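Here the structure is a predicted model, which means the values were calculated and not measured.
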Amino acid sequence: MRKWLPLLIDVVLVIVFCAIGRRSHDEAVAAGLLRTVWPFGAGLLIGWLIALTIAGRGRLSAALAQFDGSAVWPTGVAVWLSTLIGGMVLRVISGQGTAVSFVIVAATVLAVFLLGWRAVWAVAARRIRVTGASVN
């Protein structure tokens with residue numbers, strides 16, 4: 001389970017990103033959330049597959065053994081870029097908007113969300129290793 005916690009965090013953050021966006025435009029959050037989430041969710045899953053492929057150099061068993069879903073590089077960057085680019089491409093295909101201002105805001109917020117928690121995690125883990133402190 002611990003190995004998949006970063007995926008769960010990413011999924012929650014993408015849903016939060018979409019909910020904030022719908023709310024900021026006075027759109028019904030619950031009613032249209034799935035329509036807004038699915039392109040970014042698909043991009044997110046593609047990013048995770050890319051990150052797994054990078055980690056295992058194309059071998060699934062190696063990927064599962066060596067993969068660190070909490071790493072900023074390459075996992076976080078692959079997930080962020082795939083979520084952003086894949087999400088935008090799928091929005092275009094499905095007839096949803098991709099104004100330049102939206103792309104800029106989405107790139108920024110998704111970077112803060114998908115890279116930010118990983119950076120905080122890395123700093124906390126490093127501090128724990130250096131000081132010998134416990135997480136609990």
Side-chain angles (χ1 to χ4, degrees):
M1 174 61 184
R2 190 170 187 206
K3 198 126 181 123
W4 298 106
L5 181 61
L7 174 61
L8 178 62
I9 293 169
D10 285 347
V11 168
V12 169
L13 289 173
V14 167
I15 293 169
V16 168
F17 159 71
C18 293
I20 290 169
R22 293 192 61 79
R23 182 76 176 129
S24 70
H25 292 285
D26 294 323
E27 296 176 352
V29 174
L33 188 60
L34 183 59
R35 182 174 190 267
T36 305
V37 167
W38 83 262
F40 295 105
L44 176 78
L45 294 178
I46 291 167
W48 268 77
L49 291 174
I50 291 169
L52 277 165
T53 301
I54 292 169
R57 295 184 178 92
R59 294 187 347 256
L60 182 60
S61 60
L64 294 175
Q66 299 171 356
F67 183 66
D68 181 5
S70 65
V72 174
W73 176 259
T75 306
V77 173
V79 167
W80 167 57
L81 288 174
S82 181
T83 302
L84 176 66
I85 295 166
M88 292 302 167
V89 168
L90 291 171
R91 282 180 63 87
V92 168
I93 291 170
S94 65
Q96 299 182 52
T98 55
V100 173
S101 58
F102 172 61
V103 174
I104 293 168
V105 169
T108 304
V109 173
L110 287 170
V112 169
F113 280 11
L114 299 177
L115 298 175
W117 79 260
R118 287 177 167 87
V120 169
W121 185 277
V123 169
R126 191 174 311 120
R127 189 165 283 177
I128 288 168
R129 275 194 308 272
V130 168
T131 63
S134 173
V135 176
N136 297 328

Taking [Y] as the starting point, is it possible to reach [X] by hopping between hydrophobic residues whose side chains are less than 4.5 Å apart?
X	Y	value
I46	F113	no
W4	L114	yes
W38	I93	yes
M88	V92	no
F40	V11	yes

Problem - Whether T75 side chain and D68 backbone form a donor-acceptor pair below 3.5 Å - result: yes

Practice task
Assign the ring pair F17 / F102 to parallel, tilted or perpendicular, where the plane angle (0 to 90°) is split at 30° and 60°.
Solution key: parallel

Exercise for the section: Could you point out which residue of V16, I9, I15 forms a side chain to side chain contact (heavy atoms under 4.5 Å, CB included) with V12? Expected result: V16

Looking at [X] and [Y], what are the two nearest heavy atoms and their distance?
X	Y	result
G41	V14	N-CG1, 4.2 Å
R22	V29	NE-O, 3.7 Å
P6	S70	CG-N, 3.8 Å
T98	V103	O-CG2, 3.9 Å
F67	A55	CD1-CB, 3.8 Å
R35	Q96	O-NE2, 3.2 Å

Is there a side-chain contact between [X] and [Y] (heavy atoms, below 4.5 Å)?
X	Y	result
R118	D10	yes
V72	W121	no
L5	L8	yes

Would you give me the side-chain donor-acceptor pairs under 3.5 Å for residues 80-87, sequence neighbours excluded?
residue, atom, partner, partner atom, Å
W80, NE1, A107, O, 3.1
S82, OG, G43, O, 2.7
S82, OG, G47, N, 3.0
T83, OG1, V79, O, 2.6

Completion exercise
d(L34 CG, C18 SG) to nearest 0.5 Å is 10.0 Å

Handout entry: Contacts of L49 that satisfy side chain to side chain contact (heavy atoms under 4.5 Å, CB included) - sequence neighbours left out
Key = none

Problem - Pair L45-L7, side chain to side chain contact (heavy atoms under 4.5 Å, CB included): steps then yes or no - result: CA-CA 9 Å; L45 294 178; L7 174 61; 4.3 Å; yes

